[in-house]
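It should be emphasised that the depicted structure is a prediction, and the values quoted were computed from it without experimental measurement. Counting starts at 1 for both ligands and their atoms, in listed order.
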Amino acid sequence: MRSAYPSYVALSGGVGGAKLALGLSRAVSGDELLVVANIGDDFEHLGLYICPDLDTLAYTISGLNNWQLGWGRNDETWNFMDTLADLGGEAWFRLGDRDLALHVRRSRRLRDGASLSSTAKEIAFRLGVRCAICPCSDDPIRTMVTTDAGELEFQRYFVEQRAVPRIRSLRYQGAETARPSTTFVDALSGDGLKAVIICPSNPLLSIGPILAMRQARDALQHTPVPIIAVSPLRSGKAFKGPTESNMRDLGMTPDSLGVAQYYGSLIDGIVIDHSDADLAPQIRELGISVTFADISMPAPEDCERLAREVVGIVERNEIRKQVVE
Ligand code: FO1
């Protein structure tokens, strides 16, 4: 009989991570996969509770996503936003007409006392997502970005300022006291778990908030299965978003070696692009196994191809769990 717990736990942010999560949802059966979403990007806007990464994951895995933008829905219209702009309202953060319904629904359920986990589960089910998705916590975490232009809330930095200001430091507000969601921690100690995959998301902005919860980090460190990261960088460049400039701003090497150094002993292995093979010896010196793949995911078929490679690495036992002293 199959275990009630997932075989794969994937930690993910939005766009890039969601692509691998889509691939994983195709590579393994629905009940084998739990995708744990970053919530550091969440914020209240226009009276609504917006969870960009949870939503990008749900739209991408259900096939309802806008593949060009990377966020939001396909077949979207913008009447609400255009009308709001005509009325002099805030239009810097764009909510499409169809997308708007999701935020209204979630905000209502949260106001009625539902948890973020249960609303995420309901929404994923209604959208036809064929695996489990949960927030990393039901407590709020807010990524705050200190830039040359002062401290900014995440979406002000990322969307309004187009991630242009130079970053001086990051703060994951609330992470000190936030507890990881029950679904997340239970899955890490559950029967039948085979691996934890860190999706190719921005380590600092998307995975950092999850790892900043002490209980989540402890649970990950004690999980008996390998933790495998997929690098979000190829030849020192991100496919989308400010990963390499963020890493550079914070004094890190903006390449797959820098990603491996950031995760350090938390990970047992990393999948990097073939073109970064020259970085492998230095990564291996950190005690981290290296596997090569084509990590680009321009289309859904590529997401599935990469996910199958990652699952193959796990099934063939190619990456062993490091023994933590
Ligand atoms: N990203 C943008 O660059 N501009 C937007 O106007 C925007 C709106 C938006 C609305 C809903 C949603 O779920 C996501 C949205 N995003 C938008 C994406 C989002 O801000 C970022 O991609 C993530 O927070 C980073 O993972």
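Defined by atom type and a distance below 3.5 Å, a donor-acceptor pair is missing between the side-chain atoms of S206 and S201. Residues D99 and Y59 have side chains that bring a donor and an acceptor to within less than 3.5 angstrom of each other.
Taking every heavy atom of F154 and a limit of under 4.0 angstrom, the matching atoms of ligand 1 come to 24 (O). Listed by atom number, the atoms of ligand 1 under 4.0 Å from D53 heavy atoms are 23 (C), 24 (O), 25 (C), 26 (O). With ligand atoms numbered from 1 in the order given, ligand 1 contributes 23 (C), 24 (O), 25 (C), 26 (O) to contacts under 4.0 Å with heavy atoms of D41.
Both the backbone and the side chain of F93 come within contact range of ligand 1, each with a heavy atom under 4.0 Å. Residue contacts with ligand 1, taken as heavy atom pairs separated by less than 4.0 Å, involve L95 solely via side-chain atoms from C-beta onward.
Considering both main-chain and side-chain atoms, Q155 comes within under 3.5 Å of ligand 1 through a nitrogen or oxygen pair.
Close to ligand 1: D99, with a non-hydrogen atom less than 4.0 angstrom away.
F43 and Y49 have their aromatic ring centers separated by at least 6.0 angstrom.
When P52, S206, G14 are ranked by how near their heavy atoms come to atom 19 (C) of ligand 1, first place goes to P52.
Remark: K240 NZ is packed, more than 12 non-hydrogen atoms of other residues, nucleotides or ligands lying under 6.0 Å away.
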